[in-house]
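Input: a single structure, listed below in structure tokens.
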Amino acid sequence: MAKKYRREPMPALTRHIIEYSLVILGSFFVALAFNVFLLPNNIASGGVAGISTITKGVFDWEPGIVQLLLNVPLFIAGLIILGMNFGLKSLVGTIILPIFVLLTSHLDPATSEPLLGAIFGGMGVGLGLGIVFRGRASTGGIDLAAQIVHKYLHLPLGLCVAMLDGFIVTTSALVFSIEEGLYALIGLFVTSRTIDFVQVGLNTSKTVMVITDYVEDVQQAILNEIDRGVTVLNGSGGYTEQERRVIMCVVQQNEFTKLTQTVKTIDSGAFVVAMNATEVLGEGFKTS
């Protein structure tokens, strides 16, 4: 059997360069989507960007300036009140996003159709934020405000984010129109789904648990015919209290049918449970 060598970790300098590059690139995509899709169609889909859209419509204030004036104090408040080490990368995201908004403010709108603006603007913002999160950072803003509310009101963090975004969307509906408020909701939804896509991708694997009386036979079949590793867990029946061994393995989507057929060929009475696994790291899958 060939000896396996430990994979060398990425040098710290290289990792930092990649992460800062992701923060800068992601912030640029967010700013671009904001200026060419969301702002021209008065779509205030939550966050500090949504607030700057509303203030632009009401007071004609420059969105980039508004975002900078809100982001930096929120970041400082987060450090003081929450006592958290947000890191230099998050500070870079907090400052550079409004700068990119200012630098791209001269660009012409990509569409005057609000629905298209909500969909593609949401996709652009989600893509940018997903890339920033890949860089292990954030762009500050409303997430920090939500954490502050969470600390003092003891509400679930997700509820705090939803409440603040909901308030912004509701305000936009009052300032602009009900329709534009509804488009903002669409933009929020598309953004969240796009972030998920960037984070975990399309390649959903399956975690499979097999309970069978023929553990050794099934184990060897998976190893040899499916070419996947297995882990054998010790368990016991909830009713019989009889000790049983459970086979666990992770396979790609296109291997799942072959796996179940292989198991059923050996033991037609085997109990098989499959669950989606969206982020799998290790040999045979992603390595980092």
*Okay, side chain of Lys89, backbone of His16: is any donor-acceptor separation there less than 3.5 Å?*
no

*So, Lys56 side chain and Glu62 main chain: donor-acceptor pair closer than 3.5 Å or not?*
no

Side-chain atoms of residues 111-131: list all donor-acceptor pairs with protein atoms under 3.5 Å, sequence neighbours left out, distances to 0.1 Å.
from   : atom 1 : to     : atom 2 : distance (Å)
Thr111 : OG1    : Glu113 : N      : 3.0
Glu113 : OE2    : Leu115 : N      : 3.4

*Would you give the length of the straight line joining atom CG of Leu97 to atom CG of Leu102, rounded to the nearest 0.5 angstrom?*
10.0 Å

*For Gly269, does its backbone N or O pair with a side-chain atom of Asp267 as donor and acceptor, under 3.5 Å?*
yes

*With a 4.5 Å heavy-atom cut-off, do Arg15 and Glu19 have their side chains touching?*
yes

*Single-linkage hydrophobic cluster, 4.5 Å side-chain cutoff, Phe197 and Leu25 together*: yes

*Would you mind reporting whether Asp196 and Arg193 have side-chain heavy atoms less than 4.5 Å apart?*
yes

*What distance do Ile247 atom CD1 and Leu259 atom CG have between them, rounded to the nearest 0.5 Å?*
9.5 Å

*Locate the shortest heavy-atom distance separating Ser27 from Val132; write the atom from each residue and the value.*
N-CG2, 3.7 Å

*Return the minimal non-hydrogen interatomic distance between Ala44 and Ala184, and the atom names on each side.*
O-CB, 3.5 Å

*Same cluster or not: are Tyr214 and Met209 linked, directly or through other Ile, Leu, Val, Met, Phe, Trp or Tyr residues, by side-chain heavy atoms under 4.5 angstrom apart?*
no

*For Ile142 and Leu74, what are the C-alpha separation, side-chain angles and deciding distance, and is it a side chain to side chain contact (heavy atoms under 4.5 Å, CB included)?*
CA-CA 8 Å; Ile142 213 69; Leu74 278 172; 5.7 Å; no

_How close do Gly64 and Pro98 get, counting heavy atoms only, and between which atoms?_
O-CB, 3.4 Å

_Check against side chain to side chain contact (heavy atoms under 4.5 Å, CB included), Phe176 and Thr53_ = CA-CA 10 Å; Phe176 300 120; Thr53 300; 4.3 Å; yes

_Between Met275 and Lys206, is the side chain to side chain contact (heavy atoms under 4.5 Å, CB included) condition met? List the steps._
CA-CA 6 Å; Met275 298 158 282; Lys206 295 284 187 182; over 6 Å; no

*Flag the pair Trp61 / Ile65 as yes when at least one side-chain heavy-atom distance between them is below 4.5 Å, and no otherwise.*
no

*asked:* When you compare the side chain of Thr94 with that of Thr139, does any pair of heavy atoms fall below 4.5 Å?
replied: no

_Just verifying a value: how many Å separate Ser90 OG and Leu79 CG, rounded to the nearest 0.5 Å?_
9.5 Å

*Please check if the side chain of Thr265 supplies one atom and the backbone of Gln261 the other of a donor-acceptor pair under 3.5 Å.*
yes

_Distance in Å, Phe100 CZ paired with Ser105 OG, rounded so as to fall on 0.5 Å steps_ = 13.0 Å

*Answer with yes or no whether the hydrophobic clustering places Leu233 together with Phe271; edges join I, L, V, M, F, W, Y residues whose side-chain heavy atoms lie under 4.5 Å apart.*
yes

*asked:* Taking CG in Asn224 as the centre, count heavy atoms belonging to other residues, nucleotides or ligands within less than 6.0 Å. Is the count above 12?
replied: yes

*Should Asp217 and Thr212 count as side-chain neighbours, where that means a heavy-atom distance under 4.5 Å?*
no

*asked:* Using only atom types and a distance under 3.5 Å, with no angle test, would you say the side chain of Ser177 pairs donor to acceptor with the backbone of Glu180?
replied: yes

_Any heavy-atom pair between the side chains of Val251 and Ile226 that's under 4.5 Å?_
yes

*When rounded to the nearest 0.5 angstrom, what distance separates CD in Glu216 from CZ in Arg245?*
4.5 Å

_Restricting to non-hydrogen atoms, name the atom on Ser45 and the atom on Leu188 that form the minimum distance, rounded to 0.1 Å._
O-CD2, 3.2 Å

*Is there side-chain contact between Ile81 and Lys151, with at least one heavy-atom pair below 4.5 Å?*
yes

*Say whether Val169 and Leu174 are linked into one hydrophobic cluster, either directly or through other cluster members, by side-chain heavy-atom distances under 4.5 angstrom.*
no

*Looking only at heavy atoms, what is the nearest atom pair of Pro156 and His150, with distance?*
C-ND1, 4.0 Å

*Just how far is it from atom CZ of Arg244 to atom CG of Asn234, taken to the nearest 0.5 Å?*
12.5 Å

_Side chains of Val246 and Val232, heavy atoms from C-beta outward: is any pair under 4.5 Å?_
no

*Is it true that Phe256 and Ile266 fall in one hydrophobic cluster, defined by side-chain heavy atoms closer than 4.5 Å?*
yes

*Go through the steps for Ile95 and Asn71 under the test side chain to side chain contact (heavy atoms under 4.5 Å, CB included), then give the verdict.*
CA-CA 7 Å; Ile95 295 174; Asn71 271 345; over 6 Å; no

*asked:* If you count every heavy atom of other residues, nucleotides or ligands that lies below 6.0 Å from Glu179 atom CD, does the total exceed 12?
replied: no

*Under the side-chain hydrogen bond (donor to acceptor under 3.5 Å, both in side chains) criterion, do Glu243 and Ser236 qualify, and how do the steps go?*
CA-CA 4 Å; Glu243 290 190 2; Ser236 61; over 6 Å; no

Just list the side-chain donor-acceptor pairs under 3.5 Å for residues 29-39, sequence neighbours left out, or say none.
from  : atom 1 : to     : atom 2 : distance (Å)
Asn35 : ND2    : Val101 : O      : 2.9
Asn35 : ND2    : Thr104 : OG1    : 2.7

_Could you report the tightest heavy-atom contact between Thr262 and Ala221, atom names first, then the distance?_
CG2-CB, 3.6 Å

_Using a 3.5 Å distance criterion without hydrogens, assess whether the side chain of Asp165 forms a donor-acceptor pair with backbone atoms of Gly47._
yes

